[in-house]
Structure formats: structure tokens, C-alpha cells
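Below: the structure, in C-alpha cells.
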Protein chains: 2
Amino acid sequence: MPFLENIEYDHLIEEFKMVLKNNGLKFTKQREIILQTLYNFQEHFLPEDLYLLIKENNPKSNIGIATIYRTLNLLEESDMVTTISFGKNGKKYELANKPHHDHLICKNCGSIIEFEDRDIERKQNKIAKENGFILTNHVMQLYGICPNCQKNNLNKKVKN
Amino acid sequence: MPFLENIEYDHLIEEFKMVLKNNGLKFTKQREIILQTLYNFQEHFLPEDLYLLIKENNPKSNIGIATIYRTLNLLEESDMVTTISFGKNGKKYELANKPHHDHLICKNCGSIIEFEDRDIERKQNKIAKENGFILTNHVMQLYGICPNCQKNNLNKKVKN
DNA sequence: CTTCGTGCAAAAACTTTGCAAATTG
DNA sequence: CAATTTGCAAAGTTTTTGCACGAAG
């Protein structure tokens, strides 16, 4: 059994159980598998992706796509997952448990560098405050060409 | 006739015509109205919003929703509009011709406030430079609860 | 005139919902 | 046990597509 002694994961499950308890909801096998899968694969999932991955990794669990949707909505409402939309692909879900990070993304090769900057975060909080917002999270992605790709060209479907 | 001597708008149209010409496409009345509406209202539109607004402002044009979708996709592929996708509200489109700005988004009602911050931009450039990236653009979205939704206590369906 | 674009309606894709049976607390 | 959850299928939504006619170049 993998991940048996994973404190971080255990903590995540506890947090989930707490959300459920506070809302009179139940901790089911399906909800556990979904959270576990989000944790183990640490990816950005479309509901469909998650559904297929779970089908593959837990063949006997037979989770319906409706349950995936219901659980992702629940996790989103309780801020346990965040959503990002990368271009045309629609909304993708990822666990919100990791320490916050931003992304520097190469438009050519797709490589990603994660970074964190306290000054920017402070400024963001200030801006939110000035607008009366209670800030819950943010997304910051810087797009460009990485050092490796600076000699290459990229193609466009539609020419400008 | 409003907007008759608007150089900025004229430039936008020229840019659009260039994209069309470069791709062997045609400059139609419908495409013009869509671009004009995006320009005049400077909002974040769902396809449906745009459709209804155009129906209201250009009753005789009778543009179909399919044309809205097709044109928005075309504009997106040619980088003339950008999109934001959030929550149940789906993907919103806005013209990309305005000076760069970032977004403060209410997770509850989906309302969007634009802002711009030179300090953050400077810091972003610095980070890119430190990593050897040539920066082309960025996306920064701050998510939270807007003053109005805080007041109405609508902000949490699920308790943590 | 030739090619592309459009509206319409139908189809596809995506998401939610009603329900009876199963599971959880 | 009572209450919630589930899978399924059906019902909503949203977005795309096929087609015949109209418009643009």
C-alpha cells in the first residue's frame, strides 16, 4: 500500500472530513478515491481526465462521471481545489493544498518554472483591500520564451 | 453616427482586416458589428451576452449565435481578444487592444474589476529576466469575494 | 463567378438532476 | 434506522457543425 505514512495526505483527508462533517455530509469511498487521485497525480484535470484516470487505476470502483462533477464542485466550493483555464481546454481542477506558487511558462516548449514573490503577493493583497475584496487565491502566469527555445520559432494557426 | 472619427477604432478594424486578408477570409457586416460591439462596450462578454446585446443594438442585423461563436473563436486565435474563464460562468471574452491590465474576480458572482500596477509589472519583468526568459505577456487574476457579495452574505454555500 | 460566411436547425459536447437502490453515521 | 450518496439515464446547457442560400472579393 503506497502513501501509507504520508502525513501531508493524511492531513488533507482530515481537512476533507472536517468540511464534510461541518456540512452534514458523508465520507464515501468515491470521495476518498477522487481526493486521493488528485493528490497522487498532482495534475490539472478536466473532469473527464479524472474520470478516465480513476477508471484505469481503480477499475472496480466504478465511479460515475456525475460523481466526479459533484465532488469537484464540492471541493471547489470548499476551496480544496482551485480551477484554472489554460486556453481552449476549458476548466481544469487542481488540489489547492500545495504551497502557493506562480508560473513562468515557455510558450514554445511548455516548460514551467515555479516561483514565488513576497513583494508581489503583498501588492496583490493591497489591491484587493483597496477594492473591498476578501482575497482567496490568485493565478499569475508569465508567458515567454525560455532560454533554450530562444533560437526556435513557433507556429500559428491563424496568421496576424 | 458615433465613433466616426475614432482613430483607435479605425486601427482596430484595420488590424482585423489584415488578419482576415492574411488568411483568405472576408470582412463581413456581422464580423464588423461584433468587433464594434466589443469595442464600444469594453466589457467581458459571454457569447450569450454579446449575442443579446447585438440583438438589442442592431435589431435588423439578425446575427445568429453560431456566428458569434465562430467570430469569437477567430478573434481568439488571432489574439485580438483574450478570455477569462471562471466558475459556473464559463469563458468571457474581451478585446485585447486595451493597455495591459489584470483582473480582480468575484468567486461568487463572477463580476470583474480591472486594475493595473506598475510595481508588479516591473517585478514580473525582473523575475523573467533572472530566469533568462523573453517575456511576451502575462495573466494575473486575483480571486475573492466582492464587497457586494460579502454584504449579502452569499459568499459561502459550503462551510469549511 | 468563385469562394467564403451566414442563419438555421440538428448534432455533439458538456454538466446537472431525478430517482431507486446502496451506503454512511 | 434516518439521511445522504451513488450510478444511471434523462434532461439541461453550451458549443459546434452541415447545409443551402446570400454576400464578398
Side-chain angles (χ1 to χ4, degrees), chain A residues 13-14 16-35 37 44-52 54-55 58-78 81 83 85-93 157-159, chain B residues 13-14 16-35 37 44-52 54-55 58-78 81 83-93 110 157-159:
Chain A
I13 288 287
E14 285 317 307
F16 192 24
K17 284 183 178 170
M18 193 59 79
V19 169
L20 294 172
K21 176 171 266 184
N22 290 346
N23 291 280
L25 306 176
K26 291 172 177 176
F27 184 69
T28 64
K29 191 70 191 150
Q30 290 87 336
R31 285 172 176 167
E32 182 176 13
I33 289 174
I34 290 169
L35 193 64
T37 305
H44 298 266
F45 292 110
L46 295 171
E48 181 77 11
D49 298 335
L50 240 192
Y51 175 65
L52 294 175
I54 288 174
K55 233 183 167 56
N58 299 62
K60 52 195 149 191
S61 70
N62 191 33
I63 298 184
I65 188 83
T67 297
I68 303 284
Y69 276 100
R70 285 185 282 229
T71 302
L72 286 175
N73 286 342
L74 171 62
L75 289 169
E76 185 179 17
E77 282 170 16
S78 56
V81 301
T83 62
S85 145
F86 281 118
K88 290 221 135 194
N89 300 316
K91 192 160 71 161
K92 290 187 173 180
Y93 295 79
K157 249 182 295 176
V158 175
K159 289 165 283 190
Chain B
I13 289 287
E14 286 315 308
F16 192 24
K17 284 184 177 171
M18 193 60 77
V19 168
L20 295 172
K21 176 170 267 185
N22 289 346
N23 292 279
L25 306 176
K26 291 169 179 176
F27 184 70
T28 64
K29 191 71 190 152
Q30 288 89 338
R31 285 172 176 166
E32 182 176 13
I33 289 174
I34 290 169
L35 193 64
T37 305
H44 297 86
F45 293 110
L46 293 172
E48 183 75 12
D49 298 336
L50 240 193
Y51 176 65
L52 295 174
I54 288 173
K55 235 183 164 57
N58 299 64
K60 51 193 151 192
S61 71
N62 190 36
I63 297 184
I65 187 82
T67 297
I68 303 283
Y69 276 100
R70 286 185 280 227
T71 302
L72 287 175
N73 286 341
L74 171 62
L75 288 169
E76 185 179 17
E77 283 172 15
S78 56
V81 301
T83 64
I84 286 187
S85 154
F86 170 69
K88 314 225 166 206
N89 301 315
K91 194 156 69 162
K92 289 186 173 178
Y93 295 78
K157 254 176 291 180
V158 175
K159 289 165 283 191

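Scope of the values below: all heavy atoms of this structure, side chains included, with no hydrogens, waters or symmetry mates. In this text the structure is predicted, and so the values were computed from the model without any measurement. In the text below, chain A, chain B and the rest are named by the order of the sequence lines, each starting its count at 1.
Atom CD1 of B/Ile68 is separated from atom CG of B/Leu46 by 12.0 Å, given to the nearest 0.5 angstrom.
The nearest whole Å value for the distance from the CG atom in B/Leu74 to the P atom in C/dG5 is 9 Å. Distance A/Glu32 CD to C/dT24 P: 10 Å, rounded to the nearest Å. Per the geometry, CG belonging to B/Leu20 stands 13 Å off P belonging to C/dC4, to the nearest Å. One can place CG of A/Asp49 at 15 Å from C1' of C/dT15, the figure rounded to the nearest angstrom. In this structure, the CD1 atom of A/Ile54 is 14 Å from the C1' atom of D/dG7, given to the nearest Å. C/dT15 atom P lies 12 Å from atom NZ of B/Lys91, rounded to whole Å.
In this structure, A/Asn62 has no side chain to side chain contact (heavy atoms under 4.5 Å, CB included) partners at least two apart in sequence or on a different chain. Judged as a side chain to side chain contact (heavy atoms under 4.5 Å, CB included), and not counting sequence neighbours, the contacts of B/Ile13 are B/Tyr9, B/Lys17, B/Phe27, B/Glu32, B/Leu35. Contacts of A/Arg70 classified as side chain to side chain contact (heavy atoms under 4.5 Å, CB included), with partners at least two apart in sequence or in another chain: A/Ala66, A/Thr67. The side chain to side chain donor-acceptor pair (under 3.5 Å) check on B/Lys55 picks up B/Tyr51, with sequence neighbours excluded.
Of the residues in residues 58-65 of chain A, those lying under 4.0 Å from DNA chain D by heavy-atom distance are A/Asn62, A/Ile63, A/Gly64.
Look at B/Asn73 and you'll find a side-chain N or O under 4.0 angstrom from OP1 or OP2 of D/dT16. Regarding contacts with the backbone of D/dG7, a side-chain N or O of A/Gln30 is found under 4.0 angstrom from either OP1 or OP2.
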Give the B/S/- string for nucleotides 18-25 of chain D, one per nucleotide from 5' to 3', where a protein heavy atom under 4.0 Å of the base yields B, of only the sugar-phosphate yields S, and otherwise -. B-----BS
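A side chain to side chain contact (heavy atoms under 4.5 Å, CB included) with B/Leu50 is found for exactly one of B/Thr71, B/Ile63, B/Ile34, B/Ile33, namely B/Ile34.
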Close N or O pairs between protein and nucleotides 11-14 of chain C (under 3.5 Å):
none

